[in-house]
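These notes concern the structure reproduced below.
Everything numeric here is computed off the predicted structure, so don't read it as measured data. Residue indices begin at 1 and follow the sequence shown.
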Amino acid sequence: MSVAPVENMASLSTDLFYDILRRLDGPTLASAACACAAFCSISKEERLWEDVCSSMWPSTNREDVKSLILSIGGFRKFYADCFPLIVNKEVSEYQWNDYLEYPEEWTEAEYYGDMDEFESISPSDFVSLVDIRYKDKIICSKVLWGIPNANGFNGWFYNCPFRIDLLTYADRDDDNDGEVFLSVANGLPPITSMETERKDGKLWRGLRDGLRLSWIVVNKKIKQAANLASWCPLGGQRHWPTDKDFVIRFGSILPARDILPCQVVECILSMKFRVIYTEGEGVQTTLKLTELSMQLEDMEGSHVNGRNSLLILKEALSCRRSKNYSEALESCHLYSKVQNELKEEKMRNESRLDRLCILSGIAAFVSFCYYVL
């Protein structure tokens, strides 16, 4: 069977090109757009990128979210902003000893952020689009408009630790009252008992290797968006003392230049699953999603307050990003390394201070005894 050669791309129908391109994923579609003028022209069609975004982030299927994306520049721009992950390798450039504590000479405006800039930020401008996958199958999609409780209770939000509990405030799904479950039917490895799991860790490895998280934050006012998640887990642990809770941590390193003394902060996205059934109880191994939250912490592990968190989130929407996952992961590891070094240095300083206090106490006691006797 012989195939007649195609003399030029112009001999093929534009509809055929469109049909080819609509079957591609985002990275492949972007690469195809660089192949020829015809592909480049067709790849600018918003419908193609809407399908790509819908496939990757099912939360964008909602009509209100579609309207939001169109208002900030369209699906093509949205994909270009949210597919790359946040990268911050400037961590090592700072001298951590210079800001172990907040300087006493800081003014209120410096401590809480630029007041003029803050007045232009409203918690209602932020929208969170969250999608969770397990082994490439979507298990949860939620949308949160605004930041809960940010405008009430006499402004306590701005001075209290920033935290978003998505399962508490996000729009509920129509089925199961918004509850999310994982079971053997989803590809979860079965376990007969928690004692067996403690020994072999099969369930924990299944969660760590299979879970993927996307947490996109959109600012309607400045028309920018970014994915604050690391896509793959950065770490996790079995939560004690219940022994049935598994905490998986995602996140990214966000710039805080001119906002906090530490210049960078960690965005921590925590996901907690609880074992509610095991194989030994006559049913399939089943886990329930009990927590999905976001919070910001500085280099010393202190929670960032609401006022500074809004400024940091706004800054994060325009920071550097990369399509290389290993590069994003490297920036997170660099932050953890410097943070551990800072903690060790702080412990050494405290140890020196303790020894000095002990020696001073002994010297004072000896002097007292000398004068008494």
Side-chain angles (χ1 to χ4, degrees), residues 57 59 65 81-82 85-86 88 113 121-133 139-151 156-172 178 180 211-220 224-237 239 245-256 259-260 262 264-273 289-299 301-317 319 321 328 331-332 335-336 339:
W57 303 298
S59 58
V65 176
D81 288 341
C82 301
L85 300 179
I86 291 177
N88 193 335
I121 303 175
S122 172
S124 60
D125 292 334
F126 292 91
V127 182
S128 294
L129 312 178
V130 181
D131 296 281
I132 305 175
R133 292 179 179 272
I139 62 171
C140 176
S141 290
K142 292 188 178 295
V143 178
L144 178 64
W145 296 86
I147 296 178
N149 297 330
N151 298 317
W156 67 268
F157 164 83
Y158 301 107
N159 299 318
C160 290
F162 172 83
R163 180 182 173 90
I164 296 178
D165 290 302
L166 194 76
L167 298 185
T168 303
Y169 298 104
D171 294 343
R172 298 291 188 178
V180 180
L211 282 172
R212 300 292 182 266
L213 173 66
S214 172
W215 190 310
I216 295 173
V217 172
V218 182
N219 188 299
K220 297 182 292 183
Q224 290 180 328
N227 193 344
L228 303 186
S230 52
W231 189 239
C232 297
L234 297 175
Q237 61 185 3
H239 187 265
D245 291 330
F246 295 87
V247 180
I248 301 94
R249 183 175 59 86
F250 301 79
S252 55
I253 308 304
L254 308 182
I259 301 175
L260 293 176
C262 57
V264 288
V265 300
E266 183 179 15
C267 176
I268 300 176
L269 308 175
S270 296
M271 185 187 304
K272 183 186 290 186
F273 280 92
L289 181 65
T290 59
E291 179 183 313
L292 184 56
S293 63
M294 173 198 291
Q295 58 189 21
L296 304 182
E297 290 186 359
D298 63 16
M299 287 295 297
S302 300
H303 297 286
V304 182
N305 64 28
R307 184 189 303 269
N308 289 329
S309 293
L310 293 183
L311 293 171
I312 292 170
L313 289 178
K314 180 183 178 182
E315 184 72 18
L317 300 185
C319 69
R321 277 158 269 194
S331 69
C332 294
Y335 180 90
S336 297
Q339 187 180 44

Next on the checklist: Just verifying a value: how many Å separate Ile312 CD1 and Leu260 CG, rounded to the nearest 0.5 Å?
Outcome noted: 4.5 Å
Checklist entry - Testing Leu166, Ile164, Leu167, Val143 for side chain to side chain contact (heavy atoms under 4.5 Å, CB included) with Val130, which one passes? => result Leu166
Next on the checklist: Are Arg212 and Phe250 packed together at the side-chain level, in the sense that at least one heavy-atom pair is separated by less than 4.5 angstrom?
Outcome noted: no
Checklist entry - Would you call Arg133 and Asp131 a salt bridge, using N to O less than 4.0 angstrom? => result no
Checklist entry - How far does CG of Leu254 sit from CG of Leu313, to the nearest 0.5 angstrom? => result 7.0 Å
Next on the checklist: If I compare all heavy atoms of Val265 with all of Asp298, which pair ends up nearest, and what's the gap?
Outcome noted: CG1-CA, 4.2 Å
Item to check | Side-chain touch Pro123/Tyr158, heavy atoms, less than 4.5 angstrom | outcome: yes
Checklist outcome for this item: Value for CD (Gln295) from OG (Ser309), rounded to nearest 0.5 Å, stands at 9.5 Å
Checklist entry - Nearest heavy-atom pair of Val217 and Leu317: which atoms, and what distance? => result O-CD2, 3.5 Å
Checklist entry - Do you see a donor-acceptor pair shorter than 3.5 Å between the side chains of Asn88 and Ser331? => result no
Next on the checklist: My understanding is that only one of Leu228, Asp81, Asn227 makes a side chain to side chain contact (heavy atoms under 4.5 Å, CB included) with Ile216; could you say which?
Outcome noted: Asn227
Checklist entry - For Ser128, which of Trp145, Tyr169, Trp215 qualifies under side-chain hydrogen bond (donor to acceptor under 3.5 Å, both in side chains)? => result Trp215
Checklist entry - Between Leu292 and Ile132, is any pair of side-chain heavy atoms under 4.5 Å apart? => result yes
Item to check | CD1-CD distance between Ile259 and Glu315, expressed to the nearest 0.5 angstrom | outcome: 5.5 Å
Checklist entry - How close do Leu85 and Ala328 get, heavy atom to heavy atom, and via which atoms? => result CB-CB, 3.9 Å
Item to check | Nearest heavy atoms of Ser230 and Gly251, plus distance in Å | outcome: CB-O, 3.1 Å
Item to check | Stepwise side chain to side chain contact (heavy atoms under 4.5 Å, CB included) test for Phe126 and Ile121 | outcome: CA-CA 9 Å; Phe126 292 91; Ile121 303 175; 3.7 Å; yes
Next on the checklist: Measuring from atom CD of Gln224 to atom SG of Cys82, what distance do you get when rounded to the nearest 0.5 angstrom?
Outcome noted: 10.5 Å
Item to check | Point-to-point distance, once rounded to the nearest 0.5 Å, from CD of Glu291 to CE of Met271 | outcome: 10.5 Å
Checklist outcome for this item: Lys142 and Ser59 have their tightest heavy-atom pair at O-CB, 4.3 Å
Checklist entry - So which heavy atom on Leu310 is nearest to which on Ile147, and how close? => result CD2-CD1, 3.3 Å
